[in-house]
Amino acid sequence: MKYWLFKSEPDDFSIDDLATSANQTSFWFGIRNYQARNFIRDELQPGDQILFYHSSCAVPAVVGTAVIKSTAQVDNTAFDPQSPYFDAKSDLHKPRWFGVDIGFLSKFAQPVSLRFIKQDPQLQQMYLVAKGNRLSIQPVADDEWQRIVALGAKQQPA
DNA sequence: GCCAACGTTGGC
DNA sequence: GCCAACGTTGGC
C-alpha cells in the first residue's frame, strides 16, 4: 500500500465536495500531465491512501485524506469538445488520459498548510517542498504521511 | 496580477 | 534530437 498527494483547487473540487459526493466517492479526472498520468495508469492501486491538498487558494494546505477505490479508467472528458479538459489530439481508440475513483476518508481538524510544511524539519523531503514542483499527483513517503496526519489531527490552539 | 519554474510544441 | 518560444501551474 502506497501513499500519494493529490492537488485540487477547492473552488473546483474541495474536500467538502468529496465528503458530500454520492457514496463519498468521485472520479478523479482532468489530469493532463504525463508524469501524473503515468502514476495513475501504472502505479495507483485500490487501497492506496491520499493526502488531499488544496492549491491555488488563500491557504494552500493538506486538508484531509482519501482512498483510491479503482484502477485506472479512461478519462472521457478528453473526448468531449465541451469539456475544459478536451484534448483534440487524444484518440478514442488509444486513450491518452486516465482517472481513478477516490473515496473520502477524513477531513483534518486542522489543515496542514504549505507554509507549515516548508518549515517543518521532518517534511523537507516532500515533493511539495521541492522547489518549483507542480505535479498534481505525487508520491508520499510513509513517515511523511504519519507526520502530516498527526499534525492534521491536532486540535486548534485555544 | 506577477512571475519563477516547468512542461509542451514545433521548426530546423 | 536540440532548443527557442510559448503555455500552464500555483505561490505570493
Side-chain angles (χ1 to χ4, degrees), chain A residues 2-21 26-44 48-66 68 72-102 104-141 143-145 147-152 154 156-157:
Chain A
K2 287 188 180 176
Y3 296 113
W4 305 92
L5 179 144
F6 281 27
K7 288 184 193 169
S8 186
E9 300 187 17
D11 289 347
D12 212 31
F13 191 81
S14 70
I15 188 76
D16 292 323
D17 291 327
L18 180 60
T20 55
S21 295
S26 179
F27 183 58
W28 193 261
F29 64 95
I31 301 299
R32 296 292 179 269
N33 166 285
Y34 288 104
Q35 206 178 342
R37 188 282 308 273
N38 292 345
F39 282 138
I40 294 174
R41 192 191 54 188
D42 307 333
E43 297 201 41
L44 300 189
D48 285 0
Q49 290 182 270
I50 300 161
L51 295 175
F52 197 104
Y53 178 85
H54 283 173
S55 68
S56 295
C57 56
V59 183
V62 179
V63 293
T65 61
I68 293 170
Q73 322 269 354
V74 173
D75 179 353
N76 289 115
T77 61
F79 307 120
D80 176 5
Q82 305 304 318
S83 169
Y85 302 110
F86 178 62
D87 177 4
K89 291 181 184 169
S90 66
D91 179 348
L92 251 179
H93 303 291
K94 208 182 166 195
R96 178 187 288 182
W97 304 116
F98 300 84
V100 286
D101 287 329
I102 69 167
F104 175 80
L105 279 185
S106 73
K107 181 177 176 178
F108 286 169
Q110 178 170 277
V112 180
S113 70
L114 177 63
R115 212 162 83 95
F116 187 92
I117 291 170
K118 279 182 166 172
Q119 51 99 63
D120 186 307
Q122 296 183 43
L123 297 174
Q124 293 311 298
Q125 303 308 313
M126 284 191 79
Y127 257 67
L128 207 56
V129 179
K131 193 175 163 87
N133 175 56
R134 302 176 305 161
L135 249 194
S136 55
I137 294 183
Q138 314 176 354
V140 170
D143 61 326
E144 293 164 352
W145 170 275
R147 175 74 175 148
I148 297 270
V149 167
L151 289 165
K154 280 191 178 158
Q156 295 281 353

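Letters A, B, ... are given to chains in the order of the sequence lines, protein chains preceding strands, and every chain is numbered from 1.
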Counting only heavy atoms from other residues, nucleotides and ligands, does the tally under 6.0 Å from CD of A:Glu43 exceed 12?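 Atom CD in A:Glu43 is crowded, with more than 12 foreign heavy atoms closer than 6.0 Å.
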Determine: side-chain N/O of A:Lys7 to OP1/OP2 of C:dG10, distance under 4.0 Å, yes or no. yes
Is the distance from OP1 or OP2 of C:dG11 to the nearest side-chain N or O of A:Tyr53 less than 4.0 Å?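 For C:dG11, OP1/OP2 do have a side-chain N/O of A:Tyr53 under 4.0 Å.
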Listing request: all side chain to side chain donor-acceptor pair (under 3.5 Å) pairs with a residue in residues 8-18 of chain A, at least two apart in sequence or in separate chains. A:Asp12-A:Tyr85, A:Ser14-A:Asp17, A:Asp16-A:Lys107
[X] [atom1] to [N] [atom2], straight-line distance once rounded to whole Å:
X        : N      : atom1 : atom2 : result
A:Asn38  : B:dT8  : CG    : C1'   : 15 Å
A:Ile31  : C:dT9  : CD1   : P     : 10 Å
A:Leu5   : C:dT9  : CG    : C1'   : 15 Å
A:Asn33  : B:dA5  : CG    : C1'   : 13 Å
A:Asp11  : C:dT9  : CG    : C1'   : 15 Å
A:Glu9   : C:dT9  : CD    : P     : 8 Å
A:Tyr127 : B:dA5  : OH    : C1'   : 16 Å
A:Arg115 : C:dC12 : CZ    : P     : 9 Å

Nucleotide nearest [X] when distance is taken to its side chain, options [options]:
X        : options               : value
A:Lys118 : C:dG11, B:dT8, C:dT9  : C:dG11
A:Gln35  : C:dG11, B:dG7, C:dG10 : B:dG7
A:Ser55  : C:dC12, C:dT8, C:dG10 : C:dG10

Please determine if A:Arg32 and A:Asp75 form a salt bridge, counting it only when a charged side-chain N lies under 4.0 Å from a carboxylate O. yes
Could you give me the CA-CA distance, side-chain angles and deciding distance for A:Phe52 and A:Trp28, then say whether ring pair (Phe, Tyr, Trp, His ring centres under 6.0 Å) is met? CA-CA 12 Å; A:Phe52 197 104; A:Trp28 193 261; 5.7 Å; yes
